[in-house]
Amino acid sequence: LLLVIGLPVVIATAFIQNRQAGPDSSESPRPVQPDEDHSDQDAQPFFLFTWRNSILGGVLAFSLLFGFAGLYVIIKDRGESFAPAEAVATEAGEGIAIVPFTVRGEGLDVWREGMMDVFTASLDDVGGYRTISSRTVMARWRDAVSEDGDADLATARDVARRSGAKYVMTGSAVALGENVRLAADIYDVETGREIGASQVEGPADSVLVMVDELGVEVMQALMRSAGAQGLSIRQTQAIVTASLPALRAYLRAEALYRNARFERAIEAYEEALELDPEMSLAHARVADAYGWIENIASDKAAEHFDYALAHLERLPPRERTLVQANAAVLAGDLEGVDPLRAATRKYPDDPEAWFLLGEFYTHYGGNLLLEMEDARRAFDRAIELDPSFAPYYLHAVEMAIIERDTARVEELLEALEPLQARRTPALLLSRDLILGDSSAQARATAALDTVDDAVLRDIYPDMWQTSGRPIAMMAVFDELSRRRDPGGDLKVWLHFMAGQPSAVEGETHPWIEAGILHVMFRPMPPEAFAGHPWDGCGLQLGSGAIHCAAALGEAFVRSGERESLDSLVAVQLPRLKEEQRRVGAERYQWQIDLLGEAVRAYSVSTSNRASAIEQLEELQGSGGVADYWIRVWLAELYEAEDNVEETIRYLESLRYTFRDSYVNYRLGQ
């Protein structure tokens, strides 16, 4: 207003003074001589308009304006504008103000302000929301409402607004005989829109239990409307629990999982499950986290997924599909991939669906006869949709290292580092050892003795199995051995990957050495397995035992030992199934059955190669260790049939596996 009014005044004054000064007023005044007599001249005005004087006047006017404005603010808000930020919660953008409850009934007066304190404490930091200090809210409440008085919604919103909150929660406590009914509503402060409303009823001596239930319902309503920190609205809709502490622990776990801090996430998920053992989504998420820190065949993961799958009815339809797909990834069940592909078509904007598809393609790309590029595209889509979710980057970085795509590695690591994922140091170390020049490799190797144990263990097996640089990783396992870490034992396998079987000669059972050579390095002649009993496979369980049985079955077929082959399929494999069941590894039961069928089909090749191929083709694509051997045998039989195209197809499916070196050698031929 000063500018609008002042500008015409300044222009008019300048014009008038210019006219009064005469035509020569533009000329510079004659300098005054010291001895001149000025007594007879007209007195000069106190203020003569010039641009300099007008500017000084403007500065004075604005100074007075802002001075009075500042004084008004101080008087109006009692100095709160100059108080510390915490005192008035001005930065609580997602803050919730709980105002005094309306109470009706004898003995409930204590809950008028008591509910403020209880809910302020219990709802704080649930889903990333913070509650405004009850003292801050109460100070503004007393200014607006008489003592022990109630207020309408407009007043409650104004109190919350002046407290710095985005949401306001109002409520009531009403006595109903021996029971109490608690009700709460949450509103958007600016618009007055009701976000959610809830009520619970129970005995008067169970008020705190009812507060817990009411808090869960109110926060779920808020999260369904606005989402939680790091979670989409759709994800929050799948969280079902009646325990507010369980909800808080679950959301804390989700934030840790989001930054790929899987061990700490597991602790928080398990805390949530202690408080609410029936929380299906927590079972599914902790299972996924165990899959990351243990391996894709984690027993803990399988246990939790079994519970989640048994209670799918507690989850929304899309969440059911994703939980089933995640469980299928860990179980190696390839039947889960088609529903997941359908989910990515139905929900193309869901990053979790794309991520799980990438997981399927990463771990079972060979079974599905896919290329690594297929997995890369799925991960890229997940990262594009949610670039702040650290787990989406992990396999993507590893794949880029394996493919020697240095530009892609740096791009992904640059995006990942600000997320502070726990595995980032392991990825940086792998990059330097595998992709670095001689200087970078030397620096990384020299610094290994200063690296935490967890970083060394976090190096994903594919980094040394299929990156084509096993020798570069030798120093890592030397360091693990020096620290007496069990991971150091894997150096035996590393020597085989590096084509150095003589380096471990005599360190393992002769049959195991022959079996490892056969599985990982090159096909061994049948006589390499002669004279070694079946119990050579009994030295290991899990997937290793199935590899062992497959290699032994192949040796029996190629050497014509029919009785031994019959005994393997009819007697030894059932015993292996029982042993796996005894140690709790039921997930391998179907793989052992599949292996028995595959060995029988492969044995037909000695008399009818075409029939053997037909039978193996029907079995291929089921997943698991047995499927690996089916593809090995199909590549061998197609080559014997001079079918180069199918030979290459199946050899390609065996790249980035234990046989990576041998397969690349054969493809080059």
Side-chain angles (χ1 to χ4, degrees), residues 291 295-297 325 328-338 340-341 356-379 395-396 398-403 460-468 470 493 496-497 516 518-523 542-544 546-547 550-551 554 587-588 590-591 594-595 597-599 601-602 613 616-639 643-668:
N295 56 63
I296 201 167
V329 169
L330 266 71
D333 181 4
L334 299 192
E335 291 185 2
V337 73
D338 285 335
L340 187 57
R341 284 168 170 162
L356 287 174
L357 190 63
E359 285 280 285
F360 253 116
Y361 290 174
T362 296
H363 296 290
Y364 309 112
N367 305 100
L368 298 167
L369 302 181
L370 300 172
E371 298 179 358
M372 191 175 284
E373 175 67 17
D374 296 294
R376 189 185 70 78
R377 281 196 296 268
F379 285 131
H395 282 329
E398 291 156 357
M399 289 163 52
I401 291 175
I402 291 170
E403 292 186 300
Y460 193 66
D462 279 0
M463 293 295 95
W464 51 270
Q465 288 178 353
T466 61
S467 66
W493 295 79
F496 280 108
M497 291 297 300
I516 292 174
H518 187 80
V519 172
M520 297 177 64
F521 189 57
R522 63 175 182 270
S543 61
I546 302 176
H547 275 302
E554 179 183 309
R587 75 175 65 86
Y588 293 111
W590 67 272
Q591 294 193 39
L594 178 62
L595 179 62
E597 294 182 61
V599 169
Y602 178 61
I613 289 174
L616 289 171
E617 284 281 14
E618 290 180 1
L619 298 173
Q620 196 280 314
S622 302
V625 176
D627 189 82
Y628 167 89
W629 284 93
I630 290 171
R631 287 177 283 129
V632 168
W633 295 332
L634 280 169
E636 172 196 319
L637 297 178
Y638 274 123
E639 184 175 9
N643 188 331
V644 176
E645 182 178 353
E646 288 300 312
T647 302
I648 290 176
R649 180 168 176 247
Y650 279 105
L651 284 175
E652 287 279 5
S653 78
L654 296 166
R655 296 186 71 195
Y656 310 114
T657 68
F658 293 122
R659 283 200 177 191
D660 188 62
S661 297
Y662 174 73
V663 164
N664 280 316
Y665 169 68
R666 292 293 291 116
L667 283 167

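Sequence positions, counted from 1, serve as the residue numbers for this chain.
Nearest heavy-atom pair across A378 and L357 is CB-C, 4.3 Å. Across all their heavy atoms, V329 and L356 have their closest contact at CG2-O, 4.3 Å. Closest approach of L330 and G291 over heavy atoms only: CD2-CA, 4.2 Å. When all heavy atoms of V625 and Q591 are compared, the pair lying nearest together is N-OE1, 2.8 Å. Between G358 and A375, the closest heavy-atom pair is O-CB, 4.0 Å. Between I630 and A598, the closest heavy-atom pair is CG1-CB, 3.7 Å.
Counting non-hydrogen atoms of neighbouring residues, nucleotides and ligands closer than 6.0 angstrom, the CD atom of E617 exceeds 12 such neighbours. Counting non-hydrogen atoms of other residues, nucleotides and ligands closer than 6.0 Å to CD of E371 gives a total of 12 or fewer.
Using a 30° and 60° split on the angle between ring planes, H395 and F379 fall in the tilted class, from 30° to 60°. Between Y638 and Y650, the two ring planes are parallel [angle under 30°; tilted spans 30° to 60°].
At least one side-chain heavy atom of L654 sits under 4.5 Å from a side-chain heavy atom of Y628. Looking at L334 and F360, their side chains come closer than 4.5 Å, going by heavy atoms from C-beta outward. The shortest side-chain heavy-atom distance between R649 and L369 falls under the 4.5 Å cut-off.
A side chain to side chain donor-acceptor pair (under 3.5 Å) with Y602 is found for one member of E554, E636, E597 and no other, namely E636.
Note that CD1 of I648 and CD of E639 are 10.0 Å apart. Values are rounded to the nearest 0.5 Å. Atom CD of Q620 is separated from atom CG of L634 by 7.0 Å, given to the nearest 0.5 angstrom. Remark: L637 CG to I613 CD1 distance equals 5.0 Å, nearest 0.5 Å.
One finds no salt bridge joining R376 and E403 here, because no Lys/Arg side-chain nitrogen approaches an Asp/Glu carboxylate oxygen to under 4.0 Å.
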